[in-house]
K.L.:
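Have a look at the structure that comes next, please.
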2 protein chains.
Amino acid sequence: MTSQAADGPETVASSRRSKITPEREREFFDAVLDQIRECGYDSVTMEGVAASTRCSKSTLYRQWKTKPQFVAAALRASSRVRFGGIDTGSLAGDLCEAARAAGDWSGKDTRLLQSLGHAITADHALKGVLREALVDPEIAALQEMLRRGVERGEVRADHPALEYVPAMMFGVLRIRPVLTGQYADADYLVGFVEAAVLPALGLT
Amino acid sequence: MTSQAADGPETVASSRRSKITPEREREFFDAVLDQIRECGYDSVTMEGVAASTRCSKSTLYRQWKTKPQFVAAALRASSRVRFGGIDTGSLAGDLCEAARAAGDWSGKDTRLLQSLGHAITADHALKGVLREALVDPEIAALQEMLRRGVERGEVRADHPALEYVPAMMFGVLRIRPVLTGQYADADYLVGFVEAAVLPALGLT
DNA sequence: TCGTTTCGGTACGCATACGTATCGATGAGT
DNA sequence: ACTCATCGATACGTATGCGTACCGAAACGA
């Protein structure tokens, strides 16, 4: 798709020969993560990434020794804390906002996690990178919300449902495609928070 | 001839085997599902299954045309409804009992689903088989529990949390290894039902 | 007892992918 | 303008796995 017009050999700057820039590196990372989402970790090939980014295998292998190391670098680079900036002043507001935020990237991240599926249990390094780059920060941010809610007195610190909130949030996110065939969107997740999570916490 | 005893069919007849019996077939199915759990779908090889069951590749390919068809047959044969026989008389009791039951096979089934990961999105036939053999029956059984609860008047039919119960149950099951590194056991699941699911349904 | 069936073992062809090596082309610094 | 580092292309060696073909041997039925 988006194939460029067949250009003369001397036209168009499509031939990149300069040193790899950070932007160029991000193209590689985006490409490999996209292919993982689409084909699964095992089916992703260095050749495929090279072709889709119009670079050569050599270029990839010059930067990263092996495929797992390449994927790990891509995961690390795509690390973001999506629950990070949320602080509405109430736990209910925070959780709803988190649900809304989650709906936006649910498809991409859920699919990535799904497609990495078994690879993360086979390759310890990959598993570690995935956890510290994508999983742990989100959990920490979510638990920070809960901590603030407890601090404000909205929920008792020993409320039995507290420890299950992260599992509920991420679990529902991840299981939706299996149950209904579609990824969880913001509406669904907000509805879930309002109908199940908040009541479980006694925040009707 | 027949100087060797080797009479009983179940006396560790190591060498040759006669026509494939249903028990023998189950050995093949168990082997391939075990290997999927351990190595992931893509890494499972017909050669590996043949070696671990001490049969030959030819034997496998005589029964099943391709690897996906073989795996599909194995999934179909392993179909069971684990939430099937549960009916304690109350919704709370049913859900707790389901949680307990789920704890028993959580590791195996969660791992299988995880290791099939992307394969089910790539191979439509596999996806269909997995759904109708392992997923849909459980969902149906769970919803039957909920239906009975509504019928008994324990929960209002339009209770907003109702539609999220399957997602909560299976979602938490599936996400636990990602969050804590261990599979959900019966204690954890029962605790989750009591602390989160029942309160969300207003069943204190 | 004898023939038919099916098994287990193995070799083969084909395809794919990893990772390496080589080579010409080209952009960047001086 | 010249040199050097790096890029893109490509060929190569190795390994692996799918699916097929062939063969001798063992089991089952008549």
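Hydrogens, waters and symmetry mates are skipped; everything else that's a heavy atom, side chains included, is used.
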K.L.:
Once you round it to whole Å, what is the distance between P of C:dC7 and NZ of B:K19?
P.N.:
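Atom NZ in B:K19 sits about 8 Å away from atom P in C:dC7.
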K.L.:
For A:Y41, is there any backbone N or O sitting under 3.5 Å from a side-chain donor or acceptor partner on A:S115?
P.N.:
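No, because the side chain of A:S115 does not come within donor-acceptor range (under 3.5 Å) of the backbone of A:Y41.
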K.L.:
Would one find a side-chain N or O of B:Q63 under 4.0 angstrom from OP1 or OP2 of C:dT6?
P.N.:
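So the side chain of B:Q63 is outside the cut-off, no N or O lying under 4.0 Å from OP1 or OP2 of C:dT6.
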K.L.:
What string of B, S and - do you get for nucleotides 9-18 of chain D 5' to 3' if you count protein non-hydrogen atoms under 4.0 Å?
P.N.:
BB------SB
K.L.:
Looking at B:R24, does any N or O in its side chain come under 4.0 Å of the phosphate oxygens OP1/OP2 on C:dT6?
P.N.:
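No, B:R24 has no side-chain N/O under 4.0 Å of OP1/OP2 on C:dT6.
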K.L.:
Salt bridge between A:R82 and A:D109, side-chain N to carboxylate O under 4.0 Å?
P.N.:
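Salt bridge: yes.
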K.L.:
Are any side-chain N or O atoms of B:R176 and backbone N or O atoms of A:G171, one a donor and one an acceptor, separated by less than 3.5 Å?
P.N.:
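Not at all, since once roles are kept as given, no pair shorter than 3.5 Å links the two residues.
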K.L.:
Please compare B:T59 and A:K65 by the position of their nearest nucleotide in DNA chain C and report the one closer to 5'.
P.N.:
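It is B:T59 whose nearest nucleotide is closer to the 5' end.
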K.L.:
Return each pair, listed once, that meets side-chain hydrogen bond (donor to acceptor under 3.5 Å, both in side chains) where at least one residue sits in residues 121-130 of chain B; pairs must be two or more places apart or across chains.
P.N.:
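Listed by first then second residue: B:H118-B:T121.
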K.L.:
Less than 3.5 Å apart, any donor N or O on the side chain of B:E23 or B:T21 sitting next to an acceptor on the other?
P.N.:
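The criterion, which ignores hydrogens and geometry beyond distance, is satisfied for B:T21 and B:E23.
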K.L.:
Quick test of your reading of the model: are B:R148 and B:E151 salt-bridged, counting only N-O distances below 4.0 Å?
P.N.:
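So B:R148 does not pair with B:E151 through a salt bridge.
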